[in-house]
Amino acid sequence: MIQEALREIQRGTAEIIDGERIEKLLKNYYENGQTYTVKAGFDPTAPDLHLGHTVLLQKLAIFQKYGAKIQFLIGDFTAQIGDPTGKSATRKTLSALDIEENAKSYKEQVFKILDPEKTEVVFNSDWINALGAAGMLSLTTTFNVARMLERDDFDKRYKSGTSISISEFIYPLLQGYDSVHLKSDIEIGGTDQKFNLLMGRHLQRAYEIGKEQAVLMMPILEGLDGVQKMSKSLGNYIGVSEEPNEMYGKILSISDELMWRYYELLSSQTLDEIEVLYVNVNNGSVHPKTAKEDLALEIIERFHSKEAAEEAKTEFQRVHANNEIPTDMEEFELSESPIWIAKALVECKLTPSTSQARRDIKQGAVKIDQEKIEEEQFQMQSGEYILQVGKRKFAKARVK
RNA sequence: GGUGAGAUAGUCAAGUGGCCAACGACGGCGGACUGUAAAUCCGCUCCCUUCGGGUUCAGAGGUUCGACUCCUCUUCUCACCA
């Protein structure tokens, strides 16, 4: 049992510091029923989660399965400073109201993965405000500037003469102090958080609370392209609140190779189950598409529902495999009658300009009621039509 | 504060008086193909109802028959010096 737990906990991790300690905690849980705490900090600046963020949450869910109590920390105090990690310039601060708002939508999304019974949501302003000037001062005596400057991002900024605010030095200290206050047994975070995570160990030692947290780091999830990290700004992400149909299509579009990475980091299936699947796909008894479909279904079910997932699958089948029309599409009332086809496409937002529309027609991408349009000058008479550009863009148009 | 370099379409990046709506790469879109919105191959990629017209190469002026390309000023970025 402990072995299984350990395997699942180690699954997909980038690095574990003090793995022995984790082993001891598990042993203690299975032999004495003693639970332990796992801390994970979240910055309330970005409440719009995508699958990349859920890698950490999945890991937390696994810990819950094996006896952990999660300390889900919302860094409302530290958000006022802004985490300097990976940043090349000082960040602007957030208002208290923004933070409160963000924290709220955070919780909604997070409990789709975590078990609320085994999760304690905490705000670090609770104890950091209580620290006071004296407490803060003594916190700063535990570390020195030289070591702080060893941090890669600080180092670069210092050398290039980019401003580093003193408050940014405080940030890792405060994050570490959270671990002191919460007496965390384990803290998990992304690989980019290494410095901050280790600070927790350092401070727990300095404050002599009798333990030093183990640290577990998860890799950054690759985006749909399989190369760059998943991020909103790169547009290669799957948001947790996206429509089921969108999610389904996006997951199916990843490469077969990337699929296994997603299985490892995102699926709730056990390693053994995945291993079996992997073998079956490789020996040809299971089609890779089936494996990908199952992954898509699992993920959609997690954020929506089983029915929604099944519907998305049916819909995808209909539109892409059978070349049929989707069940739902946007409807538009057109301005003229009769209307030039290129203009109609622009009005239905299927193409950004009439020039683009004409190119699409020339390339044979435009269909009305499933019929390909060859003639650029085509005029639409009054009636209701289904317009289509390419395989994926549909609209219902009404000509008066 | 001084000197030098630079600012080109979504991004990167060619072009240094007409052959430029502007090479190329990436991205995006479309077509073929496919288990897929993957991979591969092909095409398109400023706007305008089109063998034509309009507006572009940081901004404003100027030189010229003609400028993204030359000159002046302005703004911003970068490098070196102080």
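Convention: sequence-line order gives letters A, B, ...; per-chain numbering from 1.
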With rounding to whole Å, what would you report as the distance between [N] and [M] at their [atom1] atoms?
N: B/G6; M: B/U16; atom1: C1'; result: 14 Å
N: B/U77; M: B/C65; atom1: C1'; result: 36 Å
N: B/C71; M: B/C23; atom1: P; result: 25 Å
N: B/U64; M: B/C51; atom1: C1'; result: 31 Å
N: B/G54; M: B/A7; atom1: C1'; result: 26 Å
N: B/A21; M: B/U45; atom1: C1'; result: 12 Å
N: B/U69; M: B/U56; atom1: C1'; result: 15 Å

Checklist line | A/Arg392 CZ to B/A37 C1', straight-line distance once rounded to whole Å | finding: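 For the pair A/Arg392 CZ and B/A37 C1', the rounded distance is 5 Å.
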Using both distances under 3.5 Å as the test, list the Watson-Crick or G-U wobble partner of [N], or none.
N: B/G1; result: B/C81
N: B/C70; result: B/G62
N: B/A13; result: none
N: B/C44; result: B/G28
N: B/U56; result: none
N: B/C76; result: B/G6

Practice item. For residues A/Lys396 and A/Glu384, determine if any side-chain heavy atom of one lies less than 4.5 Å from a side-chain heavy atom of the other. Key: yes
- prompt: Do the non-hydrogen side-chain atoms of A/Leu387 and A/Met380 ever get within less than 4.5 Å of each other?
  reply: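 The answer is yes, as the side chains (C-beta and beyond) meet within the 4.5 Å cut-off.
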Answer yes when A/Glu310 and A/Lys313 have at least one side-chain N-carboxylate O distance shorter than 4.0 Å, and no when they do not.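 A/Lys313 and A/Glu310: not salt-bridged.
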| query | Less than 4.0 Å between a side-chain N and a carboxylate O, is that true for A/Asp185 and A/Arg21? | reply | yes
| task | Determine the contact category for A/Asn245: base if any of its heavy atoms lies under 4.0 Å from a base atom, sugar-phosphate if only primed atoms, P, OP1 or OP2 are that close, otherwise nothing. | result | base
Requested in this report: Compare side-chain N and O positions of A/Arg359 against OP1 and OP2 of B/C47 and report whether any pair is under 4.0 Å apart.
Outcome: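 Affirmative; the distance criterion is met.
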Note to self: Please tell me if A/His287 has a side-chain N or O lying less than 4.0 Å from either OP1 or OP2 of B/G35.
What the structure shows: no
Going by the rule ring pair (Phe, Tyr, Trp, His ring centres under 6.0 Å), which residues pair with A/Phe63 if we only count those two or more places apart in sequence or in a different chain?
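Ring pair (Phe, Tyr, Trp, His ring centres under 6.0 Å) list for A/Phe63, sorted by chain: empty.
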Practice item. Indicate, yes or no, whether a donor-acceptor pair under 3.5 Å links the base of B/U50 to the side chain of A/Glu376. Key: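 Indeed, a donor on one side and an acceptor on the other fall under 3.5 Å apart.
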(Q) With a 3.5 Å cut-off and heavy atoms only, can you find an N or O donor on one side and an acceptor on the other between the side chain of A/Gln363 and the base of B/G31? (A) no
Decide salt bridge (Lys or Arg N to Asp or Glu O under 4.0 Å) for A/Arg318 and A/Glu315; before the verdict, give the C-alpha distance in whole Å, the side-chain angles of both, and the deciding distance to 0.1 Å. CA-CA 5 Å; A/Arg318 173 210 295 273; A/Glu315 184 77 359; 3.6 Å; yes
Quick one, which residues of residues 331-353 of chain A touch RNA chain B with a heavy atom under 4.0 Å?
->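 Output list: A/Trp340, A/Ser353.
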Ranking B/A38, B/C29, B/G35 by distance to the side chain of A/Asp256, first place goes to B/G35
Tracing side-chain contacts under 4.5 Å among Ile, Leu, Val, Met, Phe, Trp and Tyr outward from A/Val279 reaches none
